[in-house]
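For clarity, every value in this text was computed on a predicted model and none was experimentally measured. Just so it is clear: chains get the letters A, B, ... in the order the sequence lines come, proteins before strands, and each one is counted from 1.
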There are 2 protein chains.
Amino acid sequence: MKLSTRGRYGLKAMFDLAVHDGEGPVPLRSIAERQKVSDHYLEQLIAELRKTGLVKSVRGAQGGYMLAHKPSEITVGDIIRVLEGPLGPSDCVLENKPILCNNADHCITKMVWEKIQVSISNVIDSITLQDMLDEHKKKV
Amino acid sequence: MKLSTRGRYGLKAMFDLAVHDGEGPVPLRSIAERQKVSDHYLEQLIAELRKTGLVKSVRGAQGGYMLAHKPSEITVGDIIRVLEGPLGPSDCVLENKPILCNNADHCITKMVWEKIQVSISNVIDSITLQDMLDEHKKKV
DNA sequence: GGGAATCCCTATCATTTTACTTGGAATTAA
DNA sequence: TTAATTCCAAGTAAAATGATAGGGATTCCC
């Protein structure tokens, strides 16, 4: 019941981009260094975030990555879903296309997984990068 | 962000025991058959539930397993924690002994993982096997 | 134009975890 | 005594994880 490094590194990277929002393209290398993460690995993650339109890239020297939207318009859920796939503690309650067992109609454990799924969704969909920035400023 | 089969099979088995609560020992084989699960594998799971005192066993012929407490006194959280280990989407918010990164004081993503952790805990600690039985009766 | 910085893409790989399977010893009711 | 059952310890195939390797494409800057 843990997130993989994909979701965790990905959120760190996106928060890093949010901190530098408006300062022009941020090179991957510098994100990886600040967040203490393998840069080649992070590259794969950020590629997916780019393909789904959460970040923009600028190629060539002085290039890098930028948020594609305002921090207030990107939720933690957006990021995690891209990197971890559809959410849900069991296949029968996956967000998009649940894979039902042949007993789904009468399965009581499914009710439990649904409640967990909903509560996780509520949390991650309610936190934006802006919320994290605000929290960050309070701490400093 | 999925539970493993350990937690899922374990809850199924415990619910099965709850359904047969008060009827004497239930053989593992019959649980495994009803829940369509490898019996040897389930044996390993139920062994852990026994060691932590959630189920009792009766050895020998006509033996089997029984809940060690009333269904109203066993929560989903009790079961899942035994089988999946301490809960938490990231090591830095594991329930018992979080493994903090060297940046834990200033890490903002940690705040997010904490909120997820709390919301999952709230759900699984609030559902008892009795609740599941009640739901089950409604459905039939 | 050349070189450096950077993104982009594909493939490979070691390790760990998962989800079992195998085999048999110990216990007990009938 | 035998069949049913729990109990225990190892082994194992497949998948997932968390990278690494290597090189091509693009763009800024001198």
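Of all the residues in residues 8-19 of chain A, A/Y9 reach under 4.0 Å from DNA chain D with at least one non-hydrogen atom.
Scanning both residues, B/R81 and B/S121, for their nearest heavy atoms gives NH2-OG, 3.8 Å. Taking each heavy atom of B/G64 and B/P25 in turn, the nearest pair found is N-CB, 3.5 Å.
Taking only distance into account, the side chain of A/H40 never meets the base of D/dG18 through a donor-acceptor pair shorter than 3.5 Å. With hydrogens and angles ignored, a donor-acceptor pair under 3.5 angstrom links the side chain of B/E43 to the base of D/dC7. One cannot find a donor-acceptor pair under 3.5 Å joining the base of C/dC9 and the side-chain atoms of A/Q44. If you check distances only, the side chain of A/R59 never reaches the base of D/dT26 with a donor-acceptor pair under 3.5 Å.
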Does A/T5 form a side chain to side chain donor-acceptor pair (under 3.5 Å) with A/Y41? I'd like the steps, not just the answer. CA-CA 10 Å; A/T5 53; A/Y41 185 48; 2.9 Å; yes

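Between B/R50 and D/dC7 there is a side-chain polar atom (N or O) within less than 4.0 angstrom of OP1 or OP2.
Relative to the side chain of A/S57, the nucleotides C/dA29, D/dT6, C/dC7 differ in distance, and C/dC7 lies closest.
Side-chain atoms of A/T75 and A/D78 include a donor-acceptor pair closer than 3.5 Å.
B/W113 places a side-chain heavy atom less than 4.5 Å from the side chain of B/C92.
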